[in-house]
Amino acid sequence: MRRTYGIAGILLSAMLALAACGGGGGTGGNPLDTTSAAPSGSASGGGTAVIGSFDFDESVLLASIYAQALEAKGVQVEEKPRIGSREVVLDQVKSGGLTIVPEYNGNLLAFLDPKSTAATTDEVDAELKQKLPAELELLESAPAEDKDSLSVSRQTQTEQSLTSMEDLAKVSKDMVVGGPPEFKNRWEARLKEVYGVEFKEWKPTGPTTADALKDGSIQVGNVFTTDPKMTANDLVPLEDPKNIFPAQNVTPLLHKASATDTIRTTLNGISAKLTTESLLDMMQKISVNKDEPATVAKEWLTTNGLA
């Protein structure tokens, strides 16, 4: 019996090999062509994903955490770092050009509905799910939070007796404020409406905002609370008693049609373990120690049993 079908077996093997090489219209393609992405939900382990990030280090770090965790689950991943602002990135997720982007729930809601008054994580997420475009899907928010702040130097705080953004309204017309390029468009009207804050000048200082506060070229800056330079430059975030800056939890945002169960489960697992303390620790390694985001991401994933 072992020998009777030897020739037939050889012929069958040859036919299967030819089919696998994709000489005709088969869907398998050339198995040696590593540039071809596996179809969504394929046997390669959960589909494919294009992961984008905003143009700052923390977003690049989070995207790398997502990418490496998904690769460990067999998902084929392409990373597109430092794409730009939310205006650009959101359009790419809606169109399917990006599958995933690490988002901040409060800023995303403020972008979709500038008049929203939601403040807590639960309030923000509930409202987001009602207002997200149909093409998008929001996964679970992490405890990790990186909030916007209006911060000042310790010297400015002392000289101007500043504790909160309400105090800032008394002196802001003589001050220069800095932040990301889009900061003025997003927050100028809201700051005036809620706190009566108006600045003499708005400067697009981007990632150098904390340094600009230290050297005095600006007096107020939109600095994120997990920026290690807050401590290194002795900056003081002003209190926000009216919650103009809502909760800012790290939250995966997906192109719904491109997502798989593997992608959803893996990213929700990351969110469950990502804390503000761990995010600040990772950012310290990147900003102060000059470690590469991918290296820091790998270390965190390994420590937490996620890769």
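Atom set for the values below is all heavy atoms of this structure, side chains included, hydrogens, waters and symmetry mates excluded.
Looking at heavy atoms from C-beta onward, Arg190 lies out of side-chain contact with Glu188 at the 4.5 angstrom threshold. Between Arg86 and Glu103, the closest side-chain pair of non-hydrogen atoms falls below 4.5 Å. The shortest side-chain heavy-atom distance between Asp227 and Met283 does not fall under the 4.5 Å cut-off.
Checked by atom type and distance alone, the side chain of Lys290 pairs as donor or acceptor with a backbone atom of Ser287 at under 3.5 Å. Under a 3.5 Å cut-off, the side chain of Tyr104 and the backbone N or O of Asp148 do not form any donor-acceptor pair. Using modelled atom types, no side-chain atom of Asp125 and backbone atom of Asn105 make a donor-acceptor pair closer than 3.5 Å. Distance alone, capped at 3.5 Å, is enough to place a donor-acceptor pair between the Gln68 side chain and the Ala294 backbone.
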Test Asp174 against Lys200 for salt bridge (Lys or Arg N to Asp or Glu O under 4.0 Å), laying out the working first.
-> CA-CA 5 Å; Asp174 296 321; Lys200 179 175 69 175; over 6 Å; no
Kindly indicate, with the supporting measurements, whether the criterion salt bridge (Lys or Arg N to Asp or Glu O under 4.0 Å) is fulfilled by Lys192 and Glu198.
-> CA-CA 6 Å; Lys192 182 178 179 181; Glu198 297 179 77; 3.7 Å; yes
Could you please spell out the steps behind the side-chain contact (heavy atoms from CB on, under 4.5 Å) verdict for Trp187 and Val177?
-> CA-CA 12 Å; Trp187 293 107; Val177 64; over 6 Å; no
Evaluation steps, salt bridge (Lys or Arg N to Asp or Glu O under 4.0 Å), between Glu87 and Arg186 | CA-CA 11 Å; Glu87 287 81 353; Arg186 291 181 186 168; 3.1 Å; yes
Report the C-alpha separation of Gln219 and Glu159 in whole Å, then their side-chain angles, then the decisive distance to 0.1 Å, and conclude whether the side-chain contact (heavy atoms from CB on, under 4.5 Å) test is met.
-> CA-CA 12 Å; Gln219 289 74 55; Glu159 290 177 352; over 6 Å; no
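Residue Glu140 holds its CD atom at 12.0 Å from CG of Asn249, rounded to the nearest 0.5 Å. Here CG of Leu108 is found 9.5 Å from CD of Gln248. Values are rounded to the nearest 0.5 Å. To the nearest 0.5 Å, atom OH of residue Tyr66 and atom CD1 of residue Ile51 are 9.0 Å apart. Separating the CG atom in Asn304 from the CD1 atom in Ile65 is a distance of 9.0 Å, to the nearest 0.5 Å. How far CD of Gln157 is from CG of Leu235: 11.0 Å, rounded to the nearest 0.5 Å. Atom OG1 of Thr231 and atom NZ of Lys229 lie 13.0 Å apart (nearest 0.5 Å).
Seen from the ring of Phe54, Arg82 does not count as a face-on cation partner, given the 6.0 Å and 45° thresholds.
Ring geometry, Phe183 versus Phe245: the interplanar angle falls from 30° to 60°, so the pair is classed tilted.
A salt bridge between Lys131 and Asp113 is present, with a side-chain N of the basic residue lying under 4.0 Å from a carboxylate O of the acidic one. Residues Lys214 and Asp211 are not paired through a salt bridge, judged by the lack of any N-O separation under 4.0 Å between the basic side chain and the carboxylate.
For the side chain to side chain contact (heavy atoms under 4.5 Å, CB included) with Val75, the lone residue among Thr266, Thr262, Thr99 that qualifies is Thr262.
A donor-acceptor contact closer than 3.5 angstrom is absent between the side chains of Thr295 and Glu299.
Across Ser151 and Met230, no two heavy atoms sit closer than the pair OG-CE, 3.4 Å.
There is no path of hydrophobic side-chain contacts, each under 4.5 Å, that joins Val220 to Val223. In the hydrophobic clustering of this structure, Leu132 groups with Leu254; members are Ile, Leu, Val, Met, Phe, Trp, Tyr whose side-chain heavy atoms approach within less than 4.5 Å, directly or through other members.
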